[in-house]
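Scroll down for the structure; my scribbles are underneath it.
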Amino acid sequence: MSNADQPTGPTNFIRNRIRKEVAEGLHERVITRFPPEPNGFLHIGHAKSIVLNFAMAREFGGYTNLRYDDTNPAREEQRYIDAIREDVAWLGFEWKNECYTSDYFQTLYEYAEHLIEQGLAYVDSQDADTIRAQRGTLTEPGTPSPNRDRGADENLEIFRGMRAGAYEDGSHVLRAKIDMAAPNINLRDPVLYRIRRARHHRTGDDWCIYPSYDFAHGQSDAIEHITHSLCTLEFEDHRPLYDWLLDNLPVPARPRQIEFSRLNLDFTVLSKRRLNRLVEEGYVDGWDDPRLPTIAGMRRRGFTPESIRRFCEEIGVTKSESVIPFGVLENSLRNDLNERAPRTMAVLEPLKVVLTNFPEGQTEWLEAPIHPQKPELGTRSIPLTREILVERGDFMEEPPKKFFRLKPGGEVRLRCAFIIRCDKVIKDESGNVLELHCSFDPETRTGQPGADRKVKGTIHWVSATESLSARVRLYDRLFNVPNPASDKETDFTDHLNPESLVIMDGARIEPHLAEARPGDFFQFERTGYFIPDPAASPEKPVFNRAATLRDSWAKIEKQLQQAGKGRT
RNA sequence: AGGGAUGUCGCCAAGUUGGUUAAGGCACGGGAUUUUGAUUCCCGCAUUCGCAGGUUCGAAUCCUGCCAUCCCUGCCA
């Protein structure tokens with residue numbers, strides 16, 4: 001899998017700008033970077049950034065680096081690095097270099113000394129609270145630190161002492177000397193370095209001072225000769241600082257930062273903080289829970305890399321904040337899997353049907369197409385027996401109008417088999433339907449001349465004796481409100497959907513599904529797209545539902561219900 | 001004394017050197033095909049571009065003012 005097998009996406013302001021710059025000869029090639037902080041798993045919002053970064057570089061003859069932005073050892077871990085690497089690769093992208101901001105710690109340190117020597121940075125020996133209080137407010141300017149005019153030599157001496165470990169955590173910071181009255185708060189002498197005795201996952205105890213994001217990011221971009229540093233809108237205010245640092249440091253290249261709006265999806269959360277809480281507090285089963293919008297979760301849910309990439313291209317890249325309906329994501333999966341998924345039948349909530357005119361003890365093997373629109377994909381064999389199972393929901397004793405499935409005295413087609421008529425409903429003493437007695441019409445058997453007789457409905461089924469039992473996990477949206485994080489009064493976890501996971505242990509599947517392996521995907525006809533769970537085994541098949549099929553009957557049913565309510 | 005952004009159909013989003021009929025996708029409504037109420041296929045869906053003025057033969061595109069929303073006061077990224 002290479003970066004190149006993606007089609008060029010629709011036009012957007014970044015692509016247009018780069019195209020123009022390239023046309024003007026500003027760049028020989030475009031080099032981008034994807035810079036996650038390894039403090040959590042990647043989610044669909046990151047995918048948007050990944051797709052953008054790789055697309056721009058690919059389109060303009062360059063490459064993309066994967067750069068771990070690891071400047072805060074207190075929050076970063078190796079396991080996240082590994083997960084991120086796996087996810088980017090799984091999405092289908094090949095980065096040129098695997099980089100770490102920590103690779104540049106020495107250079108960054110030298111840049112800091114350079115700034116001090118130029119009189120553009122100073123050591124502040126006040127505590128965090130004091131510095132915060134002096135920063136001013138949104139409408140009032142800050143006040144200068146008493147250390148602001150410390151001489152370069154003294155600054156250098158203390159800074160070297162900081163690096164050497166001579167001082168306590170928090171006793172000094174290095175600050176840029178810009179403008180305490182700047183309307184942009186990021187320019188009010190931002191902190192560049194802090195003392196932090198924490199073991200770094202890569203550099204160990206080599207350093208006890210660490211650069212801030214602002215001091216690290218632009219310089220790292222320059223070191224890697226990144227031409228376009230694409231990031232999200234909240235960094236827009238940082239761009240003047242990004243530029244100030246690059247303008248005042250002897251960097252080897254001059255990258256430009258361009259901001260775009262981050263992805264929002266309804267009925268879920270896309271902040272690492274909240275995702276982390278869901279995982280840490282046990283609301284979900286780890287970072288790869290299929291209900292999570294993490295790449296790992298979506299992979300386990302059954303999303304394909306293709307569908308995620310397509311989604312990211314469909315939604316576009318702009319600077320306006322937008323919320324994409326979750327259904328758009330599901331749709332891109334459906335579009336992909338509709339083309340590629342082999343068809344099979346599974347009955348989630350079985351109801352026994354006895355075919356009274358079918359010989360007892362006989363198993364007949366039928367050939368069913370793997371894909372109705374693609375006969376070249378061949379057929380599969382499915383066993384038919386006297387006793388079969390159909391979906392409980394496909395039978396109604398007193399159906400509403402337009403119910404085209406099984407009802408007493410009614411006819412329906414068994415997919416890939418023949419038309420049956422419901423002759424008798426067997427119930428227990430409390431009125432629960434136990435089984436149905438049906439007779440089939442041999443003339444209508446698939447392949448027979450009578451097979452084209454029309455009936456309104458076709459239902460799926462499985463042999464009662466030859467099918468396999470399986471566990472099926474049905475996933476639904478994690479939250480029951482469109483924007484769970486919007487409400488300031490309640491915690492977002494209050495909006496968790498209690499039915500986001502429904503486990504069906506009595507499902508029955510076609511026998512060939514015993515051979516299903518991780519990486520396979522299927523359409524269970526009429527019910528949805530499913531994949532084998534990685535934890536499943538041939539002895540105990542488990543399937544996860546990635547998405548339902550579009551269901552216009554559900555829509556009609558809803559309308560009927562509402563119409564009924566309206567009348568009373 | 002604030003600064004930075006954004007506002008085109010229910011949701012995304014093209015379109016911005018002003019040029020006449022405002023792409024496309026999703027959703028929605030209608031119809032056809034269908035042994036998945038799936039898929040596929042037709043048709044419909046903004047006299048209008050946050051609002052109000054102005055410039056112009058002509059404005060979503062230029063100017064002025066206003067309104068709404070988002071981001072910024074971590075030694076997080």
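Not measured: the values here are computed from a predicted model. Each chain gets a letter, A, B and so on, in the order its sequence line appears, and its residues count up from 1.
Take the nearest nucleotide of RNA chain B for A:D237 and for A:F524: the residue whose nucleotide is more 5' is A:D237. Nearer the 5' end of RNA chain B, as judged by each residue's closest nucleotide, is the contact made by A:K555, out of A:K555 and A:R405.
OP1 or OP2 of B:G29 lies within a sub-4.0 Å distance of a side-chain N or O belonging to A:Q559. A:N335 has no side-chain polar atom (N or O) that falls below the 4.0 Å cut-off from OP1 or OP2 of B:C26. Note on A:R132: every side-chain N or O is 4.0 Å or more away from OP1 and OP2 of B:C75. For A:R310, no side-chain nitrogen or oxygen approaches OP1 or OP2 of B:G25 to under 4.0 Å. Taking only side-chain nitrogens and oxygens, A:K402 never comes nearer than 4.0 Å to OP1 or OP2 of B:G37. Contact check, A:R262 against B:C70: no side-chain N or O comes under 4.0 Å of OP1 or OP2. Note on A:R188: every side-chain N or O is 4.0 Å or more away from OP1 and OP2 of B:G2. For A:S552 and B:A38, the shortest distance from a side-chain N or O to OP1 or OP2 is below 4.0 Å.
Salt-bridge annotation for A:R453 and A:E443: absent, with no side-chain N of the basic residue lying under 4.0 Å from a carboxylate O of the acidic one. Ion pair A:K319/A:E236 flagged as a salt bridge, since at least one NZ, NE, NH1 or NH2 atom sits closer than 4.0 Å to an Asp/Glu carboxylate oxygen. Using a 4.0 Å cut-off between charged side-chain N and carboxylate O, A:R67 and A:D221 make a salt bridge. Residues A:E557 and A:K402 are not paired through a salt bridge, judged by the lack of any N-O separation under 4.0 Å between the basic side chain and the carboxylate. Using a 4.0 Å cut-off between charged nitrogen and carboxylate oxygen, A:D124 and A:R150 do not count as a salt-bridge pair.
In terms of modelled atom types and a separation under 3.5 Å, the side chain of A:K48 and the main chain of A:S261 share a donor-acceptor contact. Between the side chain of A:Q219 and the main chain of A:F215, a donor-acceptor pair closer than 3.5 Å is present.
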Q: For A:N72 and A:Y213, run side chain to side chain donor-acceptor pair (under 3.5 Å): C-alpha distance rounded to whole Å, both residues' side-chain angles, the deciding distance at 0.1 Å, then the answer.
A: CA-CA 9 Å; A:N72 187 353; A:Y213 164 84; over 6 Å; no

(Q) Within the 4.0 Å limit for protein heavy atoms, which parts of nucleotides 12-18 of chain B are touched? Write it as a string from 5' to 3', B for base, S for sugar-phosphate only, - for none. (A) SSSS---

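B:G10 takes the anti form, because its glycosidic angle lies more than 90° either side of 0.
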Short heteroatom pairs, N/O only, protein and nucleotides 59-62 of chain B, under 3.5 Å:
none

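For the atom pair OG (A:S171) and CE (A:M162), the distance works out to 7.0 Å, reported to the nearest 0.5 Å.
No aromatic stack links A:Y213 and the base of B:A77, using centre distance under 5.5 Å and interplanar angle under 30°.
The nearest whole Å value for the distance from the CD atom in A:E330 to the C1' atom in B:A38 is 15 Å.
Across all strands shown, A:K456 has no heavy atoms under 4.0 Å from either base or sugar-phosphate atoms.
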